Amino acid sequence: MMIDLFSDTQTRPTPGMREAMARAEVGDEQSGSDPTTNALCERVAALLGLEDGVFMPSGTMCNLVSILVQTRAGDEIIVDDQSHIYNTEAAGAAAIGGVSVRALPTRVGLYTLAQAEGAIRVPQRTAPRSALISIEQTTSFSGGTVWDLGTMRAIRDLAHAHGLKAHIDGARLLNAVVATGIPADAYAAGFDSAWIDLSKGLGCPVGAVLCGSRDFVTEAWRWKYRLGGALRQSGVLAAAGLYALDHHMDQLAEDNANARRLHAAIADAPGLAFDETAGQSNILCFSVAGLGVTASAFAAACLAEEVRVRAIGEEMIRATASLEVDRAGIARAGEVIRAVADDLAARR
Ligand SMILES: *Cc1c(COP(=O)(O)O)cnc(C)c1O
């Protein structure tokens, strides 16, 4: 049996979720008359403490629409160099919004207030206009690191003081919420746009909800429509989101605990190197450079033992806990990763 730690995007809808989807009351989302989608948007907006929300087919579209609404062509946005926006959104901000992306160098996806301050352009004719700054809570490609609330707020306030919008890519914001006990609305307060993904740890097949002020959401709707993202009987999908918010929050806590358990199981395996922030939420990253192999070779050796992890770049391995892998699966994955490391270390 494959133990799949590739990503929490691998989560499949549970029987209870499928039942909720089958029972969903539906209408026409594009005209604002799908009751289940409306209920989900209200629920997530309340959760984030923001005025309004709009259902989106994906988190990628949430990021793109947030950028399109809050910038104009020729503007610059500020992100971290490990971010989803910078690395895996096919340069949508540039291709569709005509926006350039300034990626701040980071170790684990966290930039500092000083870095943000240094990156905001002094207004002048020859410079792009700094328009938006984005924080990824938690960080995706750098180990599920959790941003500190005080730093987020300081960056938000700095952005506003310079006329920039502040955005949260909250694909896994709820993993941070269950890790820290800090409520989602405390994280999102005062941000101009924020969203959560339904299709990661929450286990839904499709969807995300993008929130902000009423005016922001009105404009977000225009861009959603232009991009072809308006839907019809999306209540079938929204019902999965409502079900997940009712039933899967405990699962997120279990996922975080499983990543911690995996960390404990392999922390002293030979040749593996962990950042001091490792294991803060449901993602565990480690370097295999000390074993003299590439990350993809290491991942292939794990896969041969039916443990699927993801190679990120040349030397990092990412293992992500989700409802697809229970505690016994995590224990088995720990044994396999350790055995692979032992074997490679012995051959050096
Ligand atoms: C997955 C992810 C996205 C994109 O979400 P999709 O629903 O897969 O389009 C954006 N940002 C982060 C941090 C993510 O992990």
Side-chain angles (χ1 to χ4, degrees), residues 5-13 40 44 48 53-68 77-93 95-96 101 103-104 106 108-111 132-147 152 167-177 179 184 187-188 191 193-211 220 223-224 227-229 231 234 237-238 240-241 244 252 255-256 259 277 280-285 310 312 316 318-322 324:
L5 300 171
F6 185 81
S7 175
D8 44 13
T9 54
Q10 304 304 297
T11 49
R12 293 164 297 181
L40 174 68
V44 176
L48 298 184
V54 52
F55 185 79
M56 289 287 187
S58 73
T60 301
M61 199 183 276
C62 291
N63 278 336
L64 179 58
V65 165
S66 298
I67 292 164
L68 291 169
I77 65 170
I78 302 167
V79 302
D80 76 82
D81 63 350
Q82 320 269 309
S83 64
H84 201 277
I85 288 177
Y86 186 51
N87 292 291
T88 51
E89 298 188 3
I96 300 168
V101 179
L104 302 179
T106 67
V108 286
L110 312 177
Y111 53 84
L132 177 143
I133 192 160
S134 175
I135 287 175
E136 197 175 286
Q137 178 73 309
T138 66
T139 69
S140 172
F141 295 121
S142 38
T145 324
V146 177
W147 277 82
M152 287 178 69
H167 171 73
I168 298 177
D169 173 340
R172 296 186 186 80
L173 176 65
L174 297 182
N175 285 87
V177 167
Y187 280 123
F191 278 82
S193 47
W195 61 273
I196 61 166
D197 215 327
L198 304 171
S199 70
K200 302 268 168 83
L202 285 175
C204 303
V206 175
V209 181
L210 172 63
C211 297
W223 273 113
K224 168 173 150 141
L227 295 170
L231 304 169
S234 58
L237 304 172
L252 296 184
D255 297 346
N256 289 353
T277 60
Q280 289 185 347
S281 63
N282 69 320
I283 301 174
L284 184 65
C285 278
R310 181 167 177 182
I312 306 267
M316 297 302 287
R318 192 184 84 161
T320 304
S322 75
E324 290 293 327

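Start at 1 and go down the list; that is how both ligands and their atoms are numbered. Position 1 is the first residue of the sequence; numbering continues from there. Not measured: the values here are computed from a predicted model.
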Taking atom OH as the centre, does Tyr86 end up with more than 12 heavy-atom neighbours from other residues, nucleotides or ligands that are less than 6.0 angstrom away? no
Between [X] and ligand 1, which residue portion shows a heavy-atom distance shorter than 4.0 Å: side chain, backbone, both, or neither?
X: Trp195; value: side chain
X: Ser58; value: both
X: Ile85; value: neither

Any idea which atoms of ligand 1 are less than 4.0 Å away from a heavy-atom of [X]?
X: Ala171; result: 2 (C), 11 (N), 12 (C), 13 (C), 14 (C), 15 (O)
X: Arg172; result: 15 (O)
X: Ser140; result: 13 (C), 15 (O)
X: Asp169; result: 10 (C), 11 (N), 12 (C), 13 (C)

Only one of His84, Arg318, Lys200 forms a side-chain hydrogen bond (donor to acceptor under 3.5 Å, both in side chains) with Ser140, so which one is it? Arg318
Main chain of Asn175, side chain of Asn256: is a donor-acceptor contact present, judged purely on distance under 3.5 Å? yes
Any donor-acceptor pair under 3.5 Å linking the side chain of Asp81 with the backbone of Thr106? yes
Considering heavy atoms of the protein only, find what lies nearest to [atom] and give residue, atom and distance to 0.1 Å.
atom: atom 5 (O) of ligand 1; answer: Asp197 OD2, 3.0 Å
atom: atom 9 (O) of ligand 1; answer: Thr60 OG1, 2.7 Å
atom: atom 13 (C) of ligand 1; answer: Glu136 CD, 3.3 Å

Take Trp223 and Ile67 through the side-chain contact (heavy atoms from CB on, under 4.5 Å) test and state the conclusion after the steps. CA-CA 10 Å; Trp223 273 113; Ile67 292 164; over 6 Å; no
Pair Phe55 + Trp195: ring centers closer than 6.0 Å: no
Less than 3.5 Å apart, any donor N or O on the side chain of Thr139 or Ser142 sitting next to an acceptor on the other? yes
Testing Tyr111, Tyr187, Phe191 one by one against Trp147 for a ring-ring contact (aromatic ring centres under 6.0 Å, His included), which residue passes? Tyr111
If hydrogens are left out, which of Glu89, Gln82, Lys200, Met61 has an atom nearest to atom 2 (C) of ligand 1, that is, the closest non-hydrogen atom? Lys200
Do Gly59 and ligand 1 have an N or O pair less than 3.5 Å apart? yes
